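Below is one structure; the comments refer to it alone.
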Amino acid sequence: MQVLIVDDDMATVDVIKNSVKWKELGVSDIFTAYNIQLAKEILKEHNIDIVISDIEMPQGSGIDLLEWFRREELPGDFLLLTCHESFDYASNAIKYQACEYLLKPFDVNVMEAALKKIILKRMETQKLQENSEYGKWLKENQNHVQVAFWSEILSGHIAGKNEIIKNEIGNRKLQINVEQDYNLIVSKITEIKKDRAKMSPDLMLFVVENIHSEIFCGCPDNSSVVSMDYDNYYIVATVCRKKDSEELKQCCKLLHTGFKKLFSSEITLCVGKPCRIENFYKTFHWQQNLIERNVAFYGSYFQEDDAAEIQQNIKNVFEVDKIEQFLSEKKKLEILSYMKAMLHERIYDKTLSDQVLSRGKEEILQAVYTYFGKKEIQISGLFVDDNLNQLGQKASQSVLDMIRWTNYLIDCTFQYEESVQKNYSLNEKVDQYIREHYRENIGRTEIAEQFYLAPEYLSKTYKKLTGRTIKDTITEYRIDEAKRMLERGERVSDVAETVGFDNFTYFSTIFKKYTGVSPNQYCKK
């Protein structure tokens with residue numbers, strides 16, 4: 001294998017040339033060029049297998065070199081480097097079939113992984129060109145065939161008892177024993193958006209597969225790891241020969257540590273019980289379910305026996321009244337501390353699941369709805385915040401995600417309330433003051449003082465805006481509150497005093513005027 005490094009920055013060329021382990025990758029010769037013209041001359045004189053080129057160069061871009069390379073129909077692959085992301089660069093890289101597209105400053109481990117991927121692809125292409133007979137290709141590509149077999153087993157495309165599976169193994173000429181027990185390790189990788197900027201999804205999966213293969217199977221050339229790319233996460237399934245519990249735990253610890261060094265993503269691993277191949281489909285989906293449900297293990301590793309049983313009937317997670325009280329007192333830290341304590345109790349007694357977090361999320365929202373309901377503020381405007389909605393989608397993923405969402409929700413709640421109150425018209429401000437002080441001896445004079453207005457002006461303006469007098473609004477609100485208290489079974493005399501009537505007879509008269517019945521009749525009704 002021969003490689004050409006093209007970059008107008010001599011220091012970058014030297015770093016790439018001296019930091020990559022070329023011999024281990026099977027590269028024999030390394031050429032360098034500091035501009036496109038020199039690069040073209042080298043490409044014409046030598047059979048270069050891989051070109052590593054910067055995109056932004058003063059005498060012609062790496063895209064220009066790639067376009068010329070394809071136009072000349074030269075054999076080889078391109079790995080492009082750039083200091084910043086650009087849609088035009090990415091689209092042109094795809095158009096002219098660049099193998100990889102990495103951001104500077106490059107990570108030597110990421111570059112080596114990308115080069116390994118390109119080299120394996122080129123070797124496979126060369127072998128196919130040398131001999132196109134399927135039998136020889138099958139012999140030379142056992143790893144690919146075996147990975148495809150495991151993929152079909154896990155997806156259910158190959159299903160049935162041992163005899164059916166034996167036939168499939170025989171047809172593929174694989175060395176797999178169906179009478180043997182295997183361990184299935186399922187990993188879920190989340191929070192991957194930041195890593196997509198560092199390397200392409202294909203390259204990331206290639207690196208992830210090789211890490212799993214090397215640690216669990218003792219071989220970096222993958223033959224037993226199947227990866228699946230979903231919208232917001234990856235699932236990786238590793239098949240390894242049966243190991244004891246302690247050995248598997250050490251492998252998980254090693255993988256978890258190594259993964260954290262390479263990526264900013266989160267990885268959660270579930271180690272299944274030893275089983276036969278015929279049970280893989282069922283076991284694989286069961287382990288995925290355990291990862292989803294046992295959120296206490298998010299971002300760590302656990303064995304199937306460590307997982308909690310899935311709870312069917314979930315009792316209340318939080319006391320909604322307590323959270324609502326904290327909200328009314330603007331005590332955000334107390335809410336978060338209370339939540340952490342309650343959730344960690346669930347972790348301790350192994351009853352924390354995604355269902356518990358979903359139920360807890362509903363209770364938090366209920367407290368917020370109640371908080372705004374008492375203030376008679378429409379809540380719909382609160383949920384136009386994209387960040388709040390994105391955090392809400394992850395809230396059931398882990399305790400940390402639940403706390404993050406709640407913290408942001410509370411901030412949004414107080415900010416939204418403040419913005420609404422700033423935009424109140426005069427009549428809304430009067431209505432809010434009445435709701436907060438209706439138990440007191442208030443009238444237009446007391447309210448006008450609060451807004452530094454003359455009572456006559458306030459009275460006329462309020463009636464013009466609402467069509468009713470301030471006195472009627474106060475009385476209506478008191479009667480509405482009295483009805484709620486009577487419905488809860490409270491004594492009539494206590495209700496009259498609580499809602500601001502110092503004369504029980506007058507209260508009864510006014511109550512009947514507004515409702516058509518006396519307080520006692522209302523209770524019976």
Side-chain angles (χ1 to χ4, degrees), residues 190-191 193-194 232 260 264-266 268 292-300 308 311 314-424 428-429 432-433 435-437 439:
T190 50
E191 309 291 344
K193 289 184 179 178
K194 291 174 282 187
N232 298 312
K260 285 292 186 183
S264 56
S265 305
E266 291 288 348
T268 308
E292 292 289 336
R293 307 304 298 274
N294 288 268
V295 295
F297 294 107
Y298 178 79
S300 61
Q311 303 294 312
I314 301 173
K315 297 180 180 179
N316 290 346
V317 182
F318 307 119
E319 293 181 37
V320 177
D321 291 343
K322 179 177 285 192
I323 293 175
E324 197 274 318
Q325 181 62 34
F326 283 144
L327 280 173
S328 66
E329 296 170 358
K330 300 289 192 291
K331 293 181 177 179
K332 183 177 84 168
L333 292 179
E334 282 78 355
I335 295 174
L336 299 178
S337 297
Y338 169 67
M339 286 179 61
K340 288 177 183 177
M342 298 305 293
L343 293 175
H344 278 92
E345 279 185 21
R346 295 262 184 178
I347 293 175
Y348 181 76
D349 59 20
K350 293 188 175 181
T351 59
L352 184 66
S353 68
D354 62 332
Q355 285 186 336
V356 168
L357 291 183
S358 294
R359 178 63 176 271
K361 179 184 174 184
E362 292 173 4
E363 292 169 354
I364 298 295
L365 286 172
Q366 184 182 339
V368 172
Y369 282 125
T370 302
Y371 175 73
F372 279 123
K374 288 184 177 180
K375 294 176 177 291
E376 297 191 10
I377 295 176
Q378 295 293 325
I379 198 172
S380 56
L382 178 65
F383 297 103
V384 297
D385 188 305
D386 289 338
N387 289 332
L388 179 61
N389 294 327
Q390 289 172 10
L391 290 171
Q393 290 172 3
K394 296 181 186 178
S396 302
Q397 184 171 264
S398 70
V399 171
L400 181 58
D401 286 303
M402 172 63 80
I403 298 298
R404 282 174 179 163
W405 170 74
T406 306
N407 180 63
Y408 194 75
L409 173 64
I410 295 170
D411 287 341
C412 289
T413 297
F414 294 151
Q415 290 168 10
Y416 178 66
E417 178 188 4
E418 184 179 349
S419 68
V420 169
Q421 289 177 341
K422 282 181 179 177
N423 294 323
Y424 272 176
E428 290 171 328
K429 292 179 179 178
Q432 181 168 345
Y433 184 83
R435 288 193 295 271
E436 293 173 352
H437 300 274
R439 294 183 176 90

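FYI, side chains are in, hydrogens and waters are out, and symmetry mates aren't considered; it's all heavy atoms of this structure. Quick caveat: nothing in here was measured; it's all calculated off a predicted structure.
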- [ ] Classify the angle between the aromatic ring planes of F383 and Y369 as parallel (below 30°), tilted (30 to 60°) or perpendicular (above 60°).
- [x]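 Plane angle between 30° and 60°, so tilted.
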Open item on the list: What verdict does the side-chain contact (heavy atoms from CB on, under 4.5 Å) test give for Y371 and F326, after you've listed the backbone C-alpha separation in whole Å, the side-chain angles of each residue and the deciding distance to 0.1 Å?
Closed with: CA-CA 10 Å; Y371 175 73; F326 283 144; over 6 Å; no
Task: Steps toward side-chain contact (heavy atoms from CB on, under 4.5 Å) verdict (L343, V317) - done: CA-CA 8 Å; L343 293 175; V317 182; 4.2 Å; yes
Task: D354: side chain to side chain contact (heavy atoms under 4.5 Å, CB included) partners, not counting sequence neighbours - done: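 Side chain to side chain contact (heavy atoms under 4.5 Å, CB included) check on D354 returns R293, V295.
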Task: More than 12 heavy atoms of other groups within 6.0 Å of K340 NZ - done: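 Open: at most 12 neighbouring heavy atoms sit under 6.0 Å from NZ of K340.
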- [ ] Given side chain to side chain donor-acceptor pair (under 3.5 Å), test Q325 with E329 step by step and report yes or no.
- [x] CA-CA 6 Å; Q325 181 62 34; E329 296 170 358; 2.5 Å; yes
Residue pair [X] / [Y], side-chain heavy-atom distance below 4.5 Å:
X: V399; Y: Y298; answer: no
X: R359; Y: N316; answer: yes
X: L365; Y: E362; answer: no

TODO: Give the intermediate values and the outcome of side-chain contact (heavy atoms from CB on, under 4.5 Å) for residues F372 and E417.
DONE: CA-CA 8 Å; F372 279 123; E417 178 188 4; 4.0 Å; yes
Task: Check: T268 side chain, G299 main-chain N or O, donor-acceptor pair, under 3.5 Å - done: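 The answer is yes, because a donor-acceptor pair under 3.5 Å joins these two groups.
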Task: Atom pair CD/CD1 of E363 and I323 - distance to nearest 0.5 Å - done: 7.0 Å
- [ ] Could you grab the distance from atom CG of L327 to atom OG1 of T370, nearest 0.5 Å is fine?
- [x] 9.5 Å
Open item on the list: Could you walk me through whether D385 and Y416 satisfy the side chain to side chain donor-acceptor pair (under 3.5 Å) test, starting with their C-alpha distance in whole Å, then the side-chain angles of each, then the deciding distance to 0.1 Å, before giving a yes or no?
Closed with: CA-CA 11 Å; D385 188 305; Y416 178 66; over 6 Å; no
